[in-house]
Amino acid sequence: MRREVFMNRRILLVDDDVAVLLTLKAVLELNQFEVQTAGSAAEAVQKLGSGEYEMVITDSRMETDDAGFHVIRAARQQAYSPATALLTAYPPRNLDWKHNGAQSLLVKPIGTQDLLRQIEALLVQHQDEKQSRELARSTHPDGLSKQEQKAS
């Protein structure tokens, strides 16, 4: 297991349903995660700017039907680049969630073991992607990966 890779294992958990928020927080803390919570997209965006998180898990529908996507976009703009997961009881039929920056879709209700397995898998995948990007930057003379060069 690659658990040693994740130093702080901090998660920002965002949901406007207090019962869901507190239940998931307790489950995650029992499994050695440090969890900060936010009850709205606006609160989550503020917390993203004032702290660093390994992962952001956000409900999709809060103040608005797409509030979770606002949280995901704000997370993707952070220099520390957290992993992102969208938590929803209403999974979209298409892949809009991926096109909006979420790396994983967690469907409510979700069992504890399944939740933990999906989070661990996403954290490993995300860390691997970050290391690949850093390696690509360090091996290219101007510090940009080939993908970033095409974009510029």
Side-chain angles (χ1 to χ4, degrees), residues 1-136 145 147-148 151:
M1 182 113 199
R2 298 179 49 177
R3 197 170 284 223
E4 68 278 359
V5 170
F6 310 113
M7 313 260 196
N8 56 9
R9 295 172 53 92
R10 285 188 79 202
I11 291 180
L12 177 60
L13 183 59
V14 188
D15 201 312
D16 61 346
D17 183 329
V18 176
V20 170
L21 198 64
L22 295 178
T23 301
L24 289 177
K25 181 180 191 319
V27 166
L28 293 169
E29 287 179 342
L30 284 171
N31 287 277
Q32 279 59 64
F33 287 96
E34 179 185 335
V35 181
Q36 296 288 313
T37 60
S40 68
E43 183 183 359
V45 169
Q46 183 272 324
K47 286 189 175 191
L48 284 165
S50 63
E52 282 195 26
Y53 302 92
E54 188 73 28
M55 176 180 229
V56 175
I57 301 172
T58 182
D59 186 19
S60 60
R61 296 180 178 184
M62 294 177 286
E63 309 92 296
T64 62
D65 283 350
D66 65 346
F69 291 116
H70 294 293
V71 175
I72 296 287
R73 283 191 290 276
R76 304 299 284 165
Q77 293 173 355
Q78 302 305 311
Y80 56 87
S81 183
T84 55
L86 193 63
L87 179 67
T88 183
Y90 308 98
R93 298 182 198 277
N94 54 29
L95 293 177
D96 277 354
W97 60 274
K98 277 195 170 194
H99 298 298
N100 281 296
Q103 294 171 288
S104 183
L105 186 67
L106 305 172
V107 180
K108 297 186 235 180
I110 188 168
T112 301
Q113 292 308 312
D114 195 31
L115 173 70
L116 294 171
R117 181 186 55 76
Q118 288 185 50
I119 288 173
E120 293 289 355
L122 178 56
L123 286 173
V124 168
Q125 172 194 344
H126 186 71
Q127 189 64 30
D128 287 347
E129 289 170 2
K130 281 173 81 171
Q131 288 175 347
S132 293
R133 284 192 305 268
E134 289 169 11
L135 180 62
S145 68
Q147 200 171 32
E148 290 169 324

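None of the values given here were measured: they were computed from a predicted structure.
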Apply side-chain contact (heavy atoms from CB on, under 4.5 Å) to residues Leu116 and Leu28 and explain how you reach the verdict.
CA-CA 8 Å; Leu116 294 171; Leu28 293 169; 4.0 Å; yes

Should Thr58 and Leu13 count as side-chain neighbours, where that means a heavy-atom distance under 4.5 Å?
no

Using distance only, find each side-chain donor-acceptor pair of residues 15-25 under 3.5 Å and give its atom names and separation, not counting sequence neighbours.
from, atom 1, to, atom 2, distance (Å)
Asp15, OD1, Asp17, N, 2.9
Asp15, OD2, Lys108, NZ, 3.2
Asp17, OD1, Ala19, N, 3.0
Asp17, OD1, Val20, N, 3.3
Thr23, OG1, Ala19, O, 2.7
Lys25, NZ, Glu29, OE2, 2.5

So, does Tyr80 use its side chain to make a donor-acceptor pair with the main chain of Gly51 at under 3.5 Å?
yes

Does Arg61 have any side-chain contact (heavy atoms from CB on, under 4.5 Å) partners at least two apart in sequence or in another chain, and if so, which?
Asp65, Tyr90

Hey, what do you get for CG (Leu48) to CZ (Arg73), rounding to the nearest 0.5 Å?
13.0 Å

When you look at Leu105 and Thr88, which way does the side-chain contact (heavy atoms from CB on, under 4.5 Å) test go after all the steps?
CA-CA 8 Å; Leu105 186 67; Thr88 183; 3.7 Å; yes

Looking at Leu106 and Gln118, what are the two nearest heavy atoms and their distance?
CD2-OE1, 3.0 Å

Of all heavy-atom pairs between Ile110 and Asp114, which one has the smallest distance, and what is that distance?
CG1-OD2, 4.0 Å

Identify the heavy atoms of Ala83 and His126 that sit nearest to each other, and give their distance.
N-NE2, 3.3 Å

Which residues pass the side-chain contact (heavy atoms from CB on, under 4.5 Å) test with Thr84, not counting sequence neighbours?
Ile72, Ala75, Arg76, Gln103

Is it true that a side-chain atom of Glu43 and a backbone atom of Gly39 form a donor plus acceptor pair closer than 3.5 Å?
yes

Is it true that a side-chain atom of Lys47 and a backbone atom of Thr37 form a donor plus acceptor pair closer than 3.5 Å?
yes

Would Arg10 and Glu54 pass as an ion pair if we require N to O under 4.0 Å?
no

Looking at every heavy atom in both Ala41 and Ala67, which two are closest together, and how far apart are they?
CB-O, 3.7 Å

Approximate separation, where rounding is to 0.5 Å, of Ser60 OG and Leu86 CG
5.0 Å

Any idea which heavy atoms bring Phe33 and Ile11 closest together, and the distance?
CD2-CD1, 3.4 Å

Answer whether the closest heavy-atom distance between the side chains of Glu120 and Gln125 falls below 4.5 Å.
no

Does any N or O in the side chain of Gln46 come within less than 3.5 Å of the main-chain N or O of Ala42, such that one atom is a donor and the other an acceptor?
no

Taking C-beta and beyond as the side chain, do Leu123 and Met55 meet within less than 4.5 Å on heavy atoms?
yes

So which heavy atom on Glu63 is nearest to which on Ser40, and how close?
OE2-CB, 3.6 Å

